[in-house]
Amino acid sequence: MSKLTPTPGQTVGPFFGYALPFDKDNELAVPGSAGSLRLHGTVTDGAGEPIPDAILEIWQPAADGSVAAETGSLVRDGYTFTGWGRASTDRTGKYTFTTVNPGASRPGKAPFIAVVVFARGLTNRLFTRAYLPEDAAALAADPLLSSLPADRRGTLIATREDGGGLHWDVRLQGEGETVFLEFDGGGFDGGGDARTEGA
Amino acid sequence: MPTPRQETQQELSAEIAAIASNYRHSVAAGGAVATQPSLDYAPYRSSILRHPTKSLHHADPETIELFSPAFGHQDVSPLEADLTIVHNGEPQGERIKVAGKVLDGDGRPVAGQLVEIWQANASGRYIHKRDQHPAPIDPNFTGVGRCITGPDGSYAFTTIKPGAYPWKNHLNAWRPAHIHFSLFGSEFTQRIITQMYFPGDQLFPLDPIYQSIVDQDARDRLVATYNHELTSPEWSLGYNWDIVLTGSKRTWTENEALGEDGEHHE
């Protein structure tokens with residue numbers, strides 16, 4: 001149990017666009033390089049409208065399942081895999097990363113990419129995951145996925161495209177609402193990150 | 001096309017007051033204390049279609065989520081912590097120093113991690129193409145800074161006190177002066193973006209974004225403290241603001257306590 005109460009989050013607001021994006025922020029791998037692929041999708045609101053002022057960050061293992069501890073994400077050298085990237089949505093709500101398939105942390109574990117979503121209108125960041133679609137047995141055995149109702153599980157699983165790309169949409173609200181996560185030990189000593197009673 | 005009638009501050013303030021009252025009654029009746037903003041906070045109109053309607057799903061962090069992205073020497077220059085030296089001339093406004101520590105929920109320093117800030121200039125204008133507020137752009141102020149926390153979790157920025165600015169949530173809606181902070185912890189689940197406010201701002205009770213944190217104690221955690229010891233003679237006013245990230249699930253090691261970027265901070 002935490003001894004200190006965490007500082008509350010606040011919305012990223014509308015004007016992060018001149019501060020957070022940086023050159024090649026969405027390129028964990030060099031586009032066109034061996035093993036590189038495109039991870040992309042659309043961020044939409046409860047009316048199904050695209051959100052042009054959202055920002056996604058991903059953090060993932062290397063293709064061999066190892067966790068990168070390399071620096072240099074803000075100044076991409078074109079060679080080092082740092083495992084972390086940031087992508088703003090465009091005016092049509094679309095985001096794109098160039099990355100590699102995340103490896104499994106252990107044989108038989110379902111590989112996934114950890115995702116954080118920020119947006120104007122979103123009062124606090126949201127955590128979620130994008131799983132690779134291929135290993136059906138690993139997906140079925142995954143503790144998180146198997147704890148979800150069948151109709152929501154799919155929101156966390158990307159679709160493989162011809163050519164190797166991954167398509168994965170984020171729906172903040174409504175039909176097909178993405179499953180968002182709160183973590184144990186995540187500083188909830190009461191209301192936690194969850195919506196609060198009476199609010 | 002007729003312009004829709006804009007809601008007044010009075011109407012918004014009534015909504016804010018009703019939610020606050022419900023919350024106080026809930027806590028008095030033994031309900032949970034809120035430590036984070038409500039995702040569903042209708043007075044912040046942009047949140048209405050952008051908050052999940054289903055409860056956040058409890059998950060145990062796994063592997064990648066138990067570590068944090070790393071940033072180092074090549075990522076951040078020490079000069080980026082001074083927002084007043086980016087251009088050739090002095091920015092307009094009140095020069096301030098904002099300093100504090102980034103700690104985890106167990107009070108341990110978060111060392112060697114990236115802190116990013118962005119803010120409006122002294123007249124309340126952002127360098128952003130979508131900010132159309134007719135206040136002057138300051139050619140000597142961009143409003144973006146970065147640093148890497150020291151071995152003791154410390155950060156420090158020199159900047160200009162940002163101005164309040166209008167936004168279109170409702171008629172006569174003004175944001176309290178604030179600085180946006182982006183923080184990383186020792187694991188990915190600690191990632192947070194928040195806003196630091198200045199003490200005594202009369203706009204606090206009127207602002208739906210600040211009030212989306214329904215608990216007064218929690219809101220107070222976003223307000224910096226004026227510190228005369230941090231104030232420099234003939235130069236700048238000093239504010240302190242410490243940030244607490246969530247607890248850490250991972251076993252903490254001595255190397256992390258030292259931080260690999262300690263030498264960034266003399």
What part of Val117(A) gets within 4.5 angstrom of chain B, counting heavy atoms only: side chain, backbone, both, or neither?
neither
Tell me, side chain or backbone of Arg129(A) under 4.5 Å from chain B's heavy atoms, or both, or neither?
side chain
After noting the C-alpha distance and the side-chain angles of Leu222(B) and Thr7(A), does the key distance pass the side-chain contact (heavy atoms from CB on, under 4.5 Å) rule?
CA-CA 7 Å; Leu222(B) 295 188; Thr7(A) 303; 3.4 Å; yes
Counting only heavy atoms not in Gln216(B), do more than 12 fall under 6.0 Å of its CD?
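Check passes, neighbour count above 12.
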Report, as yes or no, whether the 6.0 Å neighbourhood of atom NZ on Lys24(A) holds more than 12 heavy atoms from other residues, nucleotides or ligands.
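Not buried by this count: 12 neighbours or fewer within 6.0 Å.
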Do the ring centers of Phe71(B) and Trp84(A) come within less than 6.0 Å of each other?
yes
Provide the closest heavy-atom pair for [X] versus [Y] in the form atom of the first, atom of the second, distance.
| X | Y | result |
| --- | --- | --- |
| Gly107(B) | Leu4(A) | CA-CD1, 3.6 Å |
| Tyr18(A) | Val144(B) | CE1-CG2, 3.3 Å |
| Ile64(B) | Ala114(A) | CG2-CB, 4.2 Å |
| Asp75(B) | Gly72(A) | OD2-N, 2.9 Å |
| Asp106(B) | Lys3(A) | OD1-NZ, 3.8 Å |

Could you tell me which of [options] has the largest number of non-hydrogen atom pairs under 4.5 Å with chain B?
| options | result |
| --- | --- |
| Leu172(A), Asp77(A), Thr178(A), Thr128(A) | Leu172(A) |
| Thr11(A), Ile113(A), Asp53(A), Thr82(A) | Thr11(A) |
| Val179(A), Leu148(A), Thr44(A), Val43(A) | Leu148(A) |
| Phe180(A), Trp59(A), Phe22(A), Phe118(A) | Trp59(A) |
| Glu70(A), Arg152(A), Arg106(A) | Arg152(A) |

Applying ring pair (Phe, Tyr, Trp, His ring centres under 6.0 Å), name anything that partners Phe112(A), two or more places apart in sequence or on another chain.
Tyr131(A)
Out of Thr246(B), Leu245(B), Ile243(B), which residue meets the side-chain contact (heavy atoms from CB on, under 4.5 Å) rule with Pro6(A)?
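Output: one option passes, namely Thr246(B).
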With Pro8(A) as reference, evaluate Asp215(B), Val244(B), Ile213(B) under the side-chain contact (heavy atoms from CB on, under 4.5 Å) test and give the passing residue.
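It is Ile213(B), the one option of Asp215(B), Val244(B), Ile213(B) that forms the side-chain contact (heavy atoms from CB on, under 4.5 Å) with Pro8(A).
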Need one label for [X]: side chain, backbone, both or neither, based on atoms under 4.5 Å from any heavy atom in chain A.
| X | answer |
| --- | --- |
| Arg146(B) | side chain |
| Thr142(B) | both |
| Phe188(B) | both |
| Asp242(B) | backbone |
| Gln195(B) | both |

Is there side-chain contact between [X] and [Y], with at least one heavy-atom pair below 4.5 Å?
| X | Y | answer |
| --- | --- | --- |
| Thr5(A) | Asp217(B) | no |
| Phe183(A) | Glu65(B) | yes |
| Thr63(B) | Pro61(A) | no |
| Thr71(A) | His73(B) | no |
| Arg86(A) | Ser182(B) | yes |
| Glu49(A) | Leu49(B) | no |

Between [X] and [Y], is there a donor-acceptor pair closer than 3.5 Å when you use the side chain of the first and the backbone of the second?
| X | Y | value |
| --- | --- | --- |
| Glu116(B) | Leu20(A) | no |
| Asn124(A) | Leu39(B) | no |
| Arg191(B) | Val116(A) | no |
| Gln173(A) | Ile48(B) | yes |
| Arg50(B) | Arg120(A) | yes |

Using 0.5 Å steps for rounding, measure from the [atom1] atom of [X] to the [atom2] atom of [Y].
| X | Y | atom1 | atom2 | result |
| --- | --- | --- | --- | --- |
| Leu144(A) | His58(B) | CG | NE2 | 10.5 Å |
| Arg125(A) | Thr189(B) | CZ | OG1 | 8.5 Å |
| Gln10(A) | His178(B) | CD | NE2 | 8.5 Å |
| Ser147(A) | His57(B) | OG | NE2 | 3.0 Å |
| Ser77(B) | Leu74(A) | OG | CG | 12.0 Å |

Just give me the residue among [options] that pairs up with chain A most often, heavy atom to heavy atom, under 4.5 Å.
| options | value |
| --- | --- |
| Arg219(B), Arg24(B), His128(B), Arg45(B) | His128(B) |
| Pro69(B), Ser21(B), Ala42(B) | Pro69(B) |
| Arg175(B), Gln190(B), His25(B), Glu62(B) | Glu62(B) |
| Tyr44(B), Trp167(B), Phe181(B) | Tyr44(B) |

Worked verdict on Trp118(B) versus Val12(A) for side-chain contact (heavy atoms from CB on, under 4.5 Å)
CA-CA 10 Å; Trp118(B) 69 101; Val12(A) 70; 3.8 Å; yes
Run the side-chain contact (heavy atoms from CB on, under 4.5 Å) test on Leu56(B) and Leu126(A) for me, step by step, so that the C-alpha distance in whole Å, both residues' side-chain angles and the decisive distance to 0.1 Å come before the verdict.
CA-CA 9 Å; Leu56(B) 301 180; Leu126(A) 294 171; 4.0 Å; yes
